[in-house]
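To keep things clear, I will list the structure first and then write my remarks on it.
All values reported here derive from a predicted model rather than from experimental measurement.
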Amino acid sequence: MPLALLALAVAAFGIGTTEFVMMGLLPDVADDLGTSVPAAGYLVSAYALGVVIGAPLLTALGSRIPRKRMLVGLMAVFTVGNLASALAPTFGLLIAGRVLAGLPHGAFFGVGAVVAARLVREGRQARAVATMFLGLTVANIIGVPAATLLGQQLGWRATFLVVAAIGLAAMAALARLIPPLPAEKHTGLGSELRALGDRQVLLGLLTTVFGFAGIFAVYSYLASMMTEVTGFAAGSVPLVLALFGIGMTLGALAAGPLTDRALRPTLYGSLAALALVLTAFHFTAQVKWAALVTVVLIGAVGFLTTPPLQMLVMNKAQQAPTLAAASNQSAFNLANAGGAWVGGLALTAGWGWTSPTLVGAVLAALGLAVAVVAGLLDRGAHDSSRIVARSGASHGGETRSTETRSTETHSTATRSTGIRSGGTRDGETEAGPTAGAPVAAEGHLG
């Protein structure tokens, strides 16, 4: 594994910590700044708003900047945002600090995913992307519980000071370990937006919104379910959340090799498993040991969807893989907000503390339906292109096979990104291990 992937994982650890730690610090922040806990909840939404705005905006603005410099710059914005949050004297300025900290989130993972895929040889791109996301999962096992404890003991401001220090460490690691990588061939904002408007890309983003909303419909209320239904004491909740993080890590470790082997079947299988596990949680939440096992499974199958979704939109948006990957992070955060909202509607309607599990199962099933429709449409388009190619060959006297045409089409798409096989642009050489444009074997079921 290239050490550069470790630098990306360290940055992801810091980002994951600051994204989720606020949920455990809301009472402390509310008491310190003289506001209510529900009002303090806007700090979670403020970060998500920063992600949704910053992902496409910063990615487009930085499209001409070399990838290494772009990653370091994004982490610099992240560090300043967390430092501003730590020093904010009022609630309004803390909101602004959270928005600022969230702005580089999506762009970083978008650029980072493309860089990770270019650091390894073809056939291992999804594993490289999953390795970067391991930092996010480890944050849920170690970073968030430790940062929450630190905030409770030394004050919430100490938490954001430590996260800012992690940001500085990540900047140093990125500057030291990431090899010089040129920006992708710039095709203009209009061309990138058209690539983002590709039907397969849009369906991939919609799959992310529905599929991941199923997870957050449950995760947002997991603590309350564990105390109100399962019977755990409030002090046990951090352990439950850590088990969820362990499940996420296991899912990330499995997702890379599976996605490299067969992208679409991995996506279908993970979404189907998520719907089933969330349905089961409606019943297992009544029994402590069964609830804990199910929490681990939800984390595992939930995060198993992440690398295939990220690779899918990158593969289908060959003209703008970074913008597509960044936009997918916006979709994840829309899923975060939407899932929590829909799960909350079920609770408000009086359907019981476990009702979000069934809501989440329905959302995951909708994500699976969108993914299957996208796969069928994609297969139909490929079948049509083969028929046209054969017809042209028979009527035009051509002897080239359909496979040759397919290879030429792939080569043209690869050239459009400005990356040759081996991870270099024409006439340029990169340092370190490299690979071609992000491509994972999609495969089909049936």
Do the two ring centres, one from Phe91 and one from Tyr42, sit under 6.0 Å apart? no
Check for a donor-acceptor pair, side chain of [X] on one end and backbone N or O of [Y] on the other, with a separation under 3.5 Å.
| X | Y | answer |
| --- | --- | --- |
| Arg64 | Ala60 | no |
| Arg157 | Ala88 | yes |
| Thr35 | Asp31 | no |
| Ser355 | Gly352 | yes |
| Thr249 | Gly245 | yes |
| Thr159 | Ala147 | yes |
| Asp260 | Ala126 | yes |
| Gln329 | Ala107 | no |

Does the side chain of [X] reach to within under 4.5 Å of the side chain of [Y], using non-hydrogen atoms?
| X | Y | answer |
| --- | --- | --- |
| Thr284 | Val293 | no |
| Glu19 | Asn336 | yes |
| Thr207 | Leu271 | yes |
| Gln286 | Thr354 | yes |
| Ile178 | Arg67 | no |
| Val372 | Arg264 | no |
| Leu309 | Leu205 | no |
| Leu278 | Ile215 | no |

If you take all heavy atoms of [X] and [Y], which pair is closest and at what distance?
| X | Y | value |
| --- | --- | --- |
| Ala117 | Met314 | CB-CE, 4.4 Å |
| Arg98 | Ala46 | CB-CB, 4.1 Å |
| Val144 | Gly16 | CG2-O, 4.1 Å |
| Gln152 | Leu25 | N-CD2, 4.4 Å |
| Gly343 | Val359 | N-CG1, 4.4 Å |
| Val277 | Leu297 | CG1-CB, 4.0 Å |

Does the side-chain contact (heavy atoms from CB on, under 4.5 Å) test come out yes or no for Thr306 and Phe303, once each step is laid out? CA-CA 5 Å; Thr306 301; Phe303 207 81; 3.8 Å; yes
Could you give me the CA-CA distance, side-chain angles and deciding distance for Phe108 and Ile15, then say whether side-chain contact (heavy atoms from CB on, under 4.5 Å) is met? CA-CA 9 Å; Phe108 181 89; Ile15 292 173; 3.8 Å; yes
Taking atom types as modelled, is there a side-chain donor on Thr305 or Ser270 under 3.5 Å from an acceptor on the other? no
Would you call the rings of Phe332 and Phe212 parallel, tilted or perpendicular, taking 30° and 60° as the class edges? perpendicular
Can you label the angle between the Phe244 ring and the Tyr219 ring as parallel, tilted or perpendicular, going by 30° and 60°? tilted
Just verifying a value: how many Å separate [X] [atom1] and [Y] [atom2], rounded to the nearest 0.5 Å?
| X | Y | atom1 | atom2 | answer |
| --- | --- | --- | --- | --- |
| Thr357 | Phe283 | OG1 | CZ | 8.0 Å |
| Thr208 | Asn328 | OG1 | CG | 3.5 Å |
| Thr148 | Met22 | OG1 | CE | 10.0 Å |
| Leu8 | Leu71 | CG | CG | 6.0 Å |
| Leu368 | Leu274 | CG | CG | 10.0 Å |
| Leu49 | Ser330 | CG | OG | 10.5 Å |

Run the ring-ring contact (aromatic ring centres under 6.0 Å, His included) check on His105 and Phe78 step by step: do they pass? CA-CA 8 Å; His105 177 125; Phe78 168 84; 8.7 Å; no
Evaluation steps, side-chain contact (heavy atoms from CB on, under 4.5 Å), between Asp378 and Lys316: CA-CA 10 Å; Asp378 198 29; Lys316 296 303 178 183; 2.8 Å; yes
Do Leu206 and Leu202 pass the side-chain contact (heavy atoms from CB on, under 4.5 Å) test, and can you show the C-alpha distance, the side-chain angles, and the key distance before you say yes or no? CA-CA 6 Å; Leu206 191 60; Leu202 292 176; over 6 Å; no
Verdict with reasoning, Thr259 to Thr266, per side-chain hydrogen bond (donor to acceptor under 3.5 Å, both in side chains): CA-CA 6 Å; Thr259 303; Thr266 300; 4.7 Å; no
